[in-house]
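On a predicted model such as this, the values are computed, not experimentally measured, just so you know.
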Amino acid sequence: MPSIVESFKRVYSGENASIVHSAFFIVSCLLACASVGVKSGVAGLGIGRALLIFLAILIFYFYMFGYNLLLIGNVLIDSTGKGGVLPDVNGQPFLSALKGTSFFVVWSIIFIIFGLLNVLLFFIPIVGAIISFIITLLYSLGFVYVWIAYVRNLNAKGLFNMFLPIRLGGLFIVDTIGYAIKIFGLGVVLGLPFIAMGAIEGFPNYSQPAPMMEYIVKVLATYIGFIYGFAGYIYLGQVFLEKECEAQYIIDPEYSAPERDEPYGY
């Protein structure tokens, strides 16, 4: 099983690490500023500004979608499991996101169909709810690895099977839940300062929360959120590599590994 500590180390490794982290820290500052500004004056924004903010958020999430695909691609082609894997902050994530959009749209439709079928289980008293919970858990866990397999294989062959996430979820359930427990424990430890700062900010002796304190909390929380996300993708990518043969056989019994030395999107 991969090391969660090693995953966080890799987030800070590589020649471009300082530039990438500086960029995401600046983004964290901007997002925190926008959040505090919207919270303090949402009524006076107007429809025009509200739409601009909404559009900017959509563009940002679209960019991060492509960035994370590139990150996973870097993890999957690094045989050492120790080098830096953060992609550069440039225009490439937009191209990667465009490439993955069709896959995302198809799976969104599959998700809707799965959800409707899952609802039918609730017509079976008690047992149906239990079965639904188990299936949903496996589906949620396995869907992450569907995306990882998509990046690994460079195509969607065998990946549009509605029940594939359940089978992959069963294969990776121990590793993924183990990761969730570790990351939750680490999150509790790292979250204590934010809880304390939030308590001070809203302490009854203050008539209003301190804007600067709120801003600092949001900046740090946003930046740490980025780090957690990157470390998570690195960890899960390593988990996939350790059981790739089993996973690929589930996806396609006739699978053959592609020749590749560059990450997804190139």
Between Phe163 and Phe114, does the ring-ring contact (aromatic ring centres under 6.0 Å, His included) criterion hold? Intermediate values first, please.
CA-CA 9 Å; Phe163 302 102; Phe114 168 77; 7.9 Å; no
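- The shortest heavy-atom contact between Val20 and Pro87 is CG2-O, 3.5 Å.
- How far CZ of Arg10 is from OG of Ser3: 11.0 Å, rounded to the nearest 0.5 Å.
- Of the possible donor and acceptor atoms, none in the side chain of His21 sits under 3.5 Å from a partner among the backbone N and O of Ile227.
- When every heavy atom of Ala247 is checked against every heavy atom of Phe240, the shortest pair comes out as CB-CE1, 3.8 Å.
- Taking the ring centroids of Tyr67 and Phe226, they lie at or beyond the 6.0 Å cut-off.
- Between Tyr139 and Met162 the shortest side-chain heavy-atom distance falls below 4.5 Å.
- Using bins of under 30°, 30° to 60° and over 60° for the plane-to-plane angle, the ring pair Phe25/Tyr223 lands in the perpendicular bin.
- Separation of atoms OG (Ser96) and CG (Leu70) is listed at 3.5 Å; rounding is to 0.5 Å.
- Under 3.5 Å, the side chains of Tyr179 and Ser7 contain no donor-acceptor pair of N or O atoms.
- Residue Leu30 is not grouped with residue Leu58 when hydrophobic side chains (ILVMFWY) are merged at heavy-atom distances under 4.5 angstrom, including chains of intermediate members.
- Crowding of Tyr12 atom OH: a count of heavy atoms from other residues, nucleotides or ligands under 6.0 Å exceeding 12.
- Put simply, Phe111 and Ile148 are part of the same group of oily side chains (I, L, V, M, F, W, Y) that touch within less than 4.5 Å, one to the next.
- By the neighbour-count criterion of 12 heavy atoms within 6.0 Å, atom CG of Leu116 is densely surrounded, having more than that number from other residues, nucleotides or ligands.
- For the atom pair CD1 (Ile113) and CH2 (Trp107), the distance works out to 10.0 Å, reported to the nearest 0.5 Å.
- A donor-acceptor contact shorter than 3.5 Å links the side chain of Asn155 to the backbone of Lys157.
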Carefully, step by step, assess Phe62 and Thr101 under the rule side chain to side chain contact (heavy atoms under 4.5 Å, CB included).
CA-CA 9 Å; Phe62 187 74; Thr101 298; 3.7 Å; yes
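- By the 4.5 Å heavy-atom criterion applied to side chains, Arg152 and Gln248 are counted as neighbours.
- Taking a 6.0 Å sphere around CZ of Phe172, one finds it holds more than 12 heavy atoms contributed by other residues, nucleotides or ligands.
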Please assess Phe24 against Thr222 for the test side chain to side chain contact (heavy atoms under 4.5 Å, CB included), listing each intermediate value before the final yes or no.
CA-CA 9 Å; Phe24 277 103; Thr222 304; over 6 Å; no
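- Between Val27 and Tyr63, the closest side-chain pair of non-hydrogen atoms is not below 4.5 Å.
- To the nearest 0.5 angstrom, Asn16 atom CG is 11.0 Å from Ser22 atom OG.
- Here the straight-line distance linking atom CZ of Phe133 with atom CG of Asn118 works out to 12.0 Å at 0.5 Å rounding.
- When hydrophobic clusters are built by joining Ile, Leu, Val, Met, Phe, Trp and Tyr residues whose side-chain heavy atoms come closer than 4.5 Å, directly or via intermediates, Ile166 is grouped together with Val127.
- For the pairing with Leu76, the side-chain contact (heavy atoms from CB on, under 4.5 Å) check across Val85, Val151, Leu71 returns one residue only, Val151.
- In this structure, Ser13 contributes its side chain and Lys9 its backbone to a donor-acceptor pair below 3.5 Å.
- Between Trp147 and Phe65, the ring centre distance stays below 6.0 Å.
- Between Phe8 and Tyr228, the distance from one ring center to the other falls under 6.0 angstrom.
- Considering only heavy atoms from C-beta on, Val89 stays 4.5 Å or farther from Ile19 through its side chain.
- Side-chain contact between Thr176 and Val144: absent, with no pair of heavy atoms (C-beta onward) separated by less than 4.5 Å.
- A continuous path of Ile, Leu, Val, Met, Phe, Trp and Tyr side chains, each step under 4.5 Å between heavy atoms, connects Leu236 with Ile173, placing both in one hydrophobic cluster.
- Shortest non-hydrogen contact noted between Leu159 and Ala149 is CD2-CB, 4.0 Å.
- Remark: Ile216 CD1 to Leu220 CG distance equals 7.5 Å, nearest 0.5 Å.
- The same ILVMFWY cluster, assembled from side-chain heavy atoms under 4.5 Å apart, contains both Ile130 and Ile177.
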Before giving the answer on side chain to side chain contact (heavy atoms under 4.5 Å, CB included), spell out for Leu95 and Lys99 the whole-Å C-alpha distance, their side-chain angles and the decisive distance to 0.1 Å.
CA-CA 6 Å; Leu95 299 178; Lys99 189 174 181 180; over 6 Å; no
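- Closest heavy-atom contact between Val146 and Phe103: CG1-CZ, 3.8 Å.
- Annotation: side chain of Leu86 is in contact with side chain of Phe230 (closest heavy-atom distance under 4.5 Å).
- Atom CZ of Phe104 sits in a sparse spot, with 12 or fewer heavy atoms from other residues, nucleotides or ligands closer than 6.0 Å.
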